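Read the structure below first, then the notes.
As a basis for the values below, the full set of heavy atoms in this structure was taken, side chains included, without hydrogen atoms, waters or symmetry mates. Note that the structure is a prediction, hence the values are computed from the model and not measured.
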Amino acid sequence: MNYDPLRQEWVNDDEGENNSKEPDETSTAVKFGFRLCCTTALHPLDYAKTLIQLGYEPIAPRPGRTLFGARRLMLPNIFQYAYHIGTVDGFTGCFRGLSAKLLGNVLSSYYGEKLAIGMGLVATEEKRKKREDDDFVWFVSNVKRDVAVHFAGVVISQPFHVISIRMMAQFVGREKLYSGLWQSVKEIWQTEGFLGFFSGITPRLIVELGCIAMTSTITYLFSRYIVQNRTIRSNVNTIAHFTVSSWLYPYHVVSTCMIVNSSRLKAGNPPLMDHFFGWNDCYRRLKMTNDHKRGASFFFRTVGRAQPAKLNGSPSIAPYPELK
């Protein structure tokens, strides 16, 4: 029996535990619902970013200036790109691939947590002791749990992620191979087999797990040996996450390219995209042409030095005007 000061009565231990769990479960559900709403609202921008990562530029660049005032040929920002998609396919066309993405998010979040609980990797922050000697144990336990949850989440959601990316990539060649979830599953199974559902998973795992491990390590070392203030630690975690994500961003581009590269879509075949022997080969070639950070900038996007490839006699990127 425990005394509940809010209810001013004695309650059973089980009842107290159930009451404490209800607000947590409600809060988690609200946060997850809010995340799905944000994913839905921002999908047109993610759609545009995906096409940019694939190297498709349908709008001609114009002379302009960079953030530091240098004269360059400027590509449309991500909002202009998303508007162009809307003018071609309409408002609903801006949400192509959203259903597969949301389904993957729901399944990965639910079963990722279930796997962590099944492995005994529960959150230990509330059980953390005050002694400094326990900080490292708490840190390792939480990193192991986060890595397990995200690893399972990526593996579970990858087939839906592949379908979503390929649905969006159809904008380039105007195909209809991935017009629905079942038709997409059938297309991948018949042309590539089981492994086709996991195209590009290795670089995606590098991004997800690398970001978690490095961000957590940086935050732990800073809070342990420099500043132990909770507010400052939270800010350090945010800055570290942004820095690590920016450093690992090229692997995100590689993952997107590899997902499309093994398909029958025009966006993933020559002359618009070379055939790659693996994700390492893709990373090497993109880095050689300075295309490994495509889509990293939302606003000040400049034209690279490489000349555009041609697709069926027409450029895959709009013609470059002369910069005078």
Side-chain angles (χ1 to χ4, degrees), residues 35-36 38-39 42-43 45-55 97-113 115-116 143-169 178 181 184-185 188 192-216 240-263 265 267-268 273 275-287 291-296:
R35 192 176 74 179
L36 292 182
C38 290
T39 300
L42 298 176
H43 183 74
L45 299 182
D46 188 53
Y47 190 171
K49 184 177 180 180
T50 298
L51 296 182
I52 292 172
Q53 289 177 341
L54 294 175
L98 175 62
S99 58
K101 179 194 293 185
L102 293 181
L103 182 58
N105 287 347
V106 171
L107 293 178
S108 64
S109 298
Y110 179 78
Y111 288 105
E113 290 291 339
L115 177 64
V143 169
K144 286 171 60 178
R145 177 185 180 277
D146 290 342
V147 168
V149 169
H150 281 75
F151 179 84
V154 170
V155 174
I156 294 170
S157 66
Q158 186 64 18
F160 304 97
H161 182 66
V162 170
I163 292 173
S164 178
I165 294 294
R166 293 189 181 183
M167 284 182 173
M168 292 184 276
Y178 300 88
L181 185 62
S184 300
V185 172
I188 297 174
E192 303 166 52
F194 178 76
L195 294 180
F197 294 101
F198 296 93
S199 301
I201 190 173
T202 301
R204 188 180 175 208
L205 284 172
I206 292 175
V207 174
E208 295 288 341
L209 304 186
C211 190
I212 292 172
M214 287 188 281
T215 300
S216 300
H241 180 78
F242 176 79
T243 304
V244 174
S245 297
S246 300
W247 183 60
L248 294 175
Y249 179 80
Y251 294 97
H252 188 26
V253 179
V254 172
S255 177
T256 302
C257 291
M258 291 303 299
I259 287 173
V260 179
N261 190 249
S262 56
S263 69
L265 299 175
M273 180 185 294
H275 283 308
F276 303 119
F277 297 104
W279 71 267
N280 286 296
D281 180 47
C282 178
Y283 178 84
R284 180 179 57 83
R285 295 198 204 182
L286 290 177
K287 192 170 184 179
D291 289 328
H292 60 300
K293 293 186 178 180
R294 290 188 301 217

Task: Minimum side-chain heavy-atom gap Ser184-Met167 below 4.5 Å - done: yes

TODO: For the pair Ser199 (side chain) and Ile259 (backbone), establish whether a donor and an acceptor sit closer than 3.5 Å, ignoring hydrogens and angles.
DONE: no

- [ ] For the residue pair Leu286 and Arg294, establish whether any side-chain heavy-atom pair is separated by less than 4.5 Å.
- [x] yes

Task: Rounded distance (nearest 0.5 Å) linking atom CE of Met258 with atom OG of Ser263 - done: 11.0 Å

Task: Heavy-atom closest contact (Ala100 atom, Ile163 atom, distance) - done: CB-CG2, 4.0 Å

TODO: With sequence neighbours excluded, tell me which residues meet salt bridge (Lys or Arg N to Asp or Glu O under 4.0 Å) with Arg35.
DONE: none

Task: Partners passing ring pair (Phe, Tyr, Trp, His ring centres under 6.0 Å) against Tyr251 (at least two apart in sequence or in another chain) - done: Tyr283

Open item on the list: Closer than 3.5 angstrom, by distance alone: can the side chain of Ser108 be matched with the main-chain N or O of Asn105 as a donor-acceptor pair?
Closed with: yes

Task: Audit row: Ile156, Leu115, side chain to side chain contact (heavy atoms under 4.5 Å, CB included) steps and yes/no - done: CA-CA 11 Å; Ile156 294 170; Leu115 177 64; over 6 Å; no

- [ ] Please check if the side chain of Asp146 supplies one atom and the backbone of Ile212 the other of a donor-acceptor pair under 3.5 Å.
- [x] no

- [ ] Report yes if the side chains of Asn261 and Cys282 come closer than 4.5 Å at any heavy-atom pair, otherwise no.
- [x] no

- [ ] Tell me, with the steps shown, if Val254 and Phe276 meet side chain to side chain contact (heavy atoms under 4.5 Å, CB included).
- [x] CA-CA 10 Å; Val254 172; Phe276 303 119; over 6 Å; no

- [ ] Answer yes or no: is there an ion pair linking Lys49 with Asp46, defined by an N-O contact shorter than 4.0 Å?
- [x] no

Task: Validation row: Val253, Lys293 side chains within 4.5 angstrom (heavy atoms) - done: no

Task: Ile52 CD1 to Asp291 CG distance, which is reported to the nearest 0.5 Å - done: 12.5 Å

Task: Residue Phe198 excluded, over 12 heavy atoms near CZ under 6.0 Å - done: yes

- [ ] Given side chain to side chain contact (heavy atoms under 4.5 Å, CB included), test Ile188 with Arg166 step by step and report yes or no.
- [x] CA-CA 10 Å; Ile188 297 174; Arg166 293 189 181 183; 3.6 Å; yes

Task: Donor-acceptor contact present, side-chain Ser255 to main-chain Gly200, <3.5 Å - done: yes

Open item on the list: Would you compute the distance between atom CD1 of Ile165 and atom CG of Leu51 and round it to the nearest 0.5 angstrom?
Closed with: 9.0 Å

Task: Ser157: side-chain hydrogen bond (donor to acceptor under 3.5 Å, both in side chains) partners, not counting sequence neighbours - done: Arg204

Task: Closest non-hydrogen atom pair, Ala169 against Leu54 - done: CB-CD1, 3.7 Å

- [ ] Just say parallel, tilted or perpendicular for the rings of His252 and Tyr249, cut-offs at 30° and 60°.
- [x] perpendicular

TODO: With rounding to the nearest 0.5 Å, note down the distance linking CZ in Arg285 to CE in Met273.
DONE: 11.0 Å

Task: Arg284 side chain near Asp281 side chain, heavy-atom distance below 4.5 Å - done: yes

Open item on the list: What's the separation between atom CG in Leu102 and atom OG1 in Thr39, rounded to the nearest 0.5 Å?
Closed with: 6.5 Å

- [ ] Could you tell me whether the side chain of Tyr178 and the main chain of Ser164 form a donor-acceptor pair under 3.5 Å?
- [x] no

TODO: Before giving the answer on side chain to side chain contact (heavy atoms under 4.5 Å, CB included), spell out for Phe197 and Val185 the whole-Å C-alpha distance, their side-chain angles and the decisive distance to 0.1 Å.
DONE: CA-CA 8 Å; Phe197 294 101; Val185 172; 3.8 Å; yes

Open item on the list: Other residues, nucleotides and ligands only: do more than 12 of their heavy atoms fall within 6.0 Å of OH on Tyr111?
Closed with: no

Task: Gap separating the NE2 atom of His241 from the OG atom of Ser216, nearest 0.5 angstrom - done: 10.5 Å

